[in-house]
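Note sheet for the following structure.
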Amino acid sequence: MSRKNKFTFMLMVLIGIVIIGYSMRDVKLSVLIHDFFTLDPLWLIVAFACICIYLLVEAVITKVLVSNRVSTFTFKDALRVPLVEQLFNGITPFSSGGQPGQLVVMLQTGIDGGRASSVLLMKFVVYQAMIVVNFFISLLIGFHYVATKMQYLSLFVLFGFLIHFFVIVALLMIMYWPSFTKKVTRILFHPVKWFVKDEKYDSMCVTLYEKIDNLYEESIRIGRQPKLMIKVVLLTLVQLAFYYLIPYFIMLALGYYNVNVFMVTSLHIMIVMIISLFPIPGGSGGAEFSFESLFQSYISSNSKLVLAMILWRILTYYFGMVVGAIALLIKPDKVNDSHKVVRKKE
């Protein structure tokens, strides 16, 4: 991890401490500590297991997509992909560093750049699509509550949905419309010509276009395997289900046994939509505010509400960054996935 990324990591931890400190302005520390030691450890362990399963299932999805073409790709390397994604999602605005971070990890193993990009884009498109599907379901269950209680948040929820929808459309265009992708690449890559010789620039362009063609071929190949796609879709739904259930199990740990699991899950889905709108890495500030605003009607104790928010952020944000930093230190297993080898087989 570069010095800049280390600085951002520490900065986000510091910002988190400041936000938690501000949230505790009306809560006595002794009361918060008392509430913590009266938690039901069993449900807290279940909540922790949910985030672990969430990451493990994404590793399974990565391995399924890559092993379909590169059988020597190990589960250890597949697990590094979502862990590093969590780290770079957490330290970059709008989670923009997650995809490049995953790509670097896959390239370290020897996966072809075009193939790795195709796998990551396909995985990301399915993930975003399932978020939208879950969001539609959550609208039916919990949007009336949000619109009635907090009208301003309902606007953020709808705007977040539109962003996710357009992201899916843009990614599909990149994957299945190579001429469009090449035009965009040509425009974005043109400034490089100012700093390198024409021969070098032309060589780089040829390499880029080859990777784009490979991306298109891999996207077509994966898209024409319905069984594989159905498997990825179902695994992604399972993955998201465990993630969305985390606040419910935290509330059970706090002793709120009568909460509606469907309503709590729906509210968490909406929070995820809202977080995506905040440019600060990890949605810091917006995430905590959204959680407290949406769950204050369910958690009557102010100290328990703050404790629930802290536990939720540790599990869904800080835990991922810590294990991602550890994953960066793990040496990858190398695979042979040269473009030439693939062509000979075909």
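The environment of NZ in Lys231 is sparse: at most 12 heavy-atom neighbours from other residues, nucleotides or ligands sit within 6.0 Å. Few gaps surround OH on Tyr209; more than 12 heavy atoms of other groups in view lie less than 6.0 Å from it. The 12-atom threshold is not exceeded at CZ of Phe262, counting heavy atoms of other residues, nucleotides or ligands nearer than 6.0 Å. Within 6.0 Å of the CZ atom in Phe242, the count of heavy atoms belonging to other residues, nucleotides or ligands does not exceed 12. More than 12 heavy-atom neighbours from other residues, nucleotides or ligands sit within 6.0 angstrom of CE on Met204. Summarising the local packing, OH of Tyr176 is surrounded by more than 12 heavy atoms from other residues, nucleotides or ligands at distances under 6.0 Å. Surrounding OH of Tyr22 are at most 12 heavy atoms belonging to other residues, nucleotides or ligands under 6.0 Å away. Surrounding CZ of Arg25 are more than 12 heavy atoms belonging to other residues, nucleotides or ligands, all under 6.0 Å away.
From Lys63, atom NZ reaches atom CG of Leu79 across 12.0 Å, with rounding to the nearest 0.5 Å. Considering CD1 of Ile131 and OH of Tyr243, their distance stands at 9.0 Å, rounded to 0.5 Å. Distance OG/Ser138 to CE/Met263: 10.5 Å, rounded to 0.5 Å. One finds the CG atom of Leu294 at 9.0 Å from the CZ atom of Phe289 (value rounded to the nearest 0.5 Å). The line from NZ of Lys193 to CG of Asp198 is 5.5 Å long, rounded to the nearest 0.5 Å. Here the straight-line distance linking atom OH of Tyr317 with atom CE of Met321 works out to 4.0 Å at 0.5 Å rounding.
Between Ile137 and Ile269 the shortest side-chain heavy-atom distance does not fall below 4.5 Å. With contacts defined as side-chain heavy-atom distances shorter than 4.5 Å, the pair Val66/Val81 does not qualify. Residues Val60 and Phe75 have side chains in contact (heavy-atom distance under 4.5 Å, counting atoms from C-beta outward). Side-chain atoms of Ile310 and Ile314, non-hydrogen and from C-beta on, do get closer than 4.5 Å to each other. Residues Trp43 and Leu254 have side chains not in contact (no heavy-atom distance under 4.5 Å, counting atoms from C-beta outward). Looking at Leu56 and Gln239, their side chains never come closer than 4.5 Å, going by heavy atoms from C-beta outward. Using a 4.5 Å heavy-atom cutoff, the side chains of Val126 and Met229 are in contact. Using a 4.5 Å heavy-atom cutoff, the side chains of Val232 and Met122 are not in contact.
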Assess the residue pair Leu32 and Phe36 against the criterion (side-chain contact (heavy atoms from CB on, under 4.5 Å)); give the C-alpha distance rounded to whole Å, side-chain angles, the decisive distance to 0.1 Å, and a yes or no. CA-CA 6 Å; Leu32 191 72; Phe36 176 78; over 6 Å; no

Residues Leu11, Ile91; criterion side-chain contact (heavy atoms from CB on, under 4.5 Å); working and verdict: CA-CA 9 Å; Leu11 179 62; Ile91 62 175; over 6 Å; no

Check against side-chain contact (heavy atoms from CB on, under 4.5 Å), Phe135 and Val272: CA-CA 10 Å; Phe135 174 72; Val272 172; over 6 Å; no

Please determine whether side-chain contact (heavy atoms from CB on, under 4.5 Å) holds for the pair Val238 and Leu234, giving the CA-CA distance in whole Å, both sets of side-chain angles, and the decisive distance to 0.1 Å. CA-CA 6 Å; Val238 171; Leu234 293 177; 5.7 Å; no

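Aromatic ring pairs are classed by plane angle as parallel below 30°, tilted from 30° to 60° and perpendicular above 60°; the pair His190 and Trp194 is perpendicular. Between His268 and Trp312, the ring-plane angle classifies as perpendicular under the 30° and 60° cut-offs.
Side-chain atoms of Thr8 come within 3.5 Å of backbone N or O of Lys4 as a donor-acceptor pair. Judged purely by atom type and a 3.5 angstrom limit, Lys334 uses its side chain to pair as donor or acceptor with the backbone of Gln108. Side-chain atoms of Thr38 come within 3.5 Å of backbone N or O of His34 as a donor-acceptor pair.
In the hydrophobic clustering of this structure, Leu311 groups with Tyr257; members are Ile, Leu, Val, Met, Phe, Trp, Tyr whose side-chain heavy atoms approach within less than 4.5 Å, directly or through other members. Under a hydrophobic clustering in which Ile, Leu, Val, Met, Phe, Trp and Tyr are joined whenever their side-chain heavy atoms come within less than 4.5 Å, directly or via other members, Phe165 and Leu140 fall into different clusters. In this structure, Leu188 is a member of the same hydrophobic cluster as Trp177, with clusters built from ILVMFWY side-chain heavy atoms closer than 4.5 Å. Residue Leu44 is grouped with residue Val323 when hydrophobic side chains (ILVMFWY) are merged at heavy-atom distances under 4.5 angstrom, including chains of intermediate members. If you chain together hydrophobic residues whose side chains sit under 4.5 Å apart, Phe136 and Val264 fall into the same group.
The salt bridge (Lys or Arg N to Asp or Glu O under 4.0 Å) analysis of residues 307-323, with sequence neighbours excluded, yields the pairs Glu288-Arg313.
Taking every heavy atom of both residues into account, Ser67 and Phe73 meet most closely at OG-O, 3.8 Å. Looking at every heavy atom in both residues, Gln86 comes nearest to Thr316 through OE1-O, 4.4 Å. Scanning all heavy atoms of the two residues, the minimum distance from Ala287 to Gly282 falls at CB-O, 4.2 Å. A pairwise comparison of heavy atoms in Val84 and Gly101 identifies CG1-O, 3.8 Å as the closest pair. Residues Pro247 and Phe295 share a closest heavy-atom pair of CB-CZ, 4.1 Å. Here the closest non-hydrogen pair linking Gln99 and Leu121 is NE2-N, 4.4 Å.
In summary, of the residues considered (Ile330, Val335, Thr72, Thr109), a side chain to side chain contact (heavy atoms under 4.5 Å, CB included) with Asp77 occurs for Thr109 alone. Screening Ile220, Ile212, Asp213 for a side chain to side chain contact (heavy atoms under 4.5 Å, CB included) with Tyr216, the sole residue that qualifies is Ile220.
With 3.5 Å as the limit, one finds a donor-acceptor pair spanning the side chains of Asp35 and Ser303.
Note: Phe249 and Phe48 fail the aromatic proximity criterion, with ring centroids not under 6.0 Å apart.
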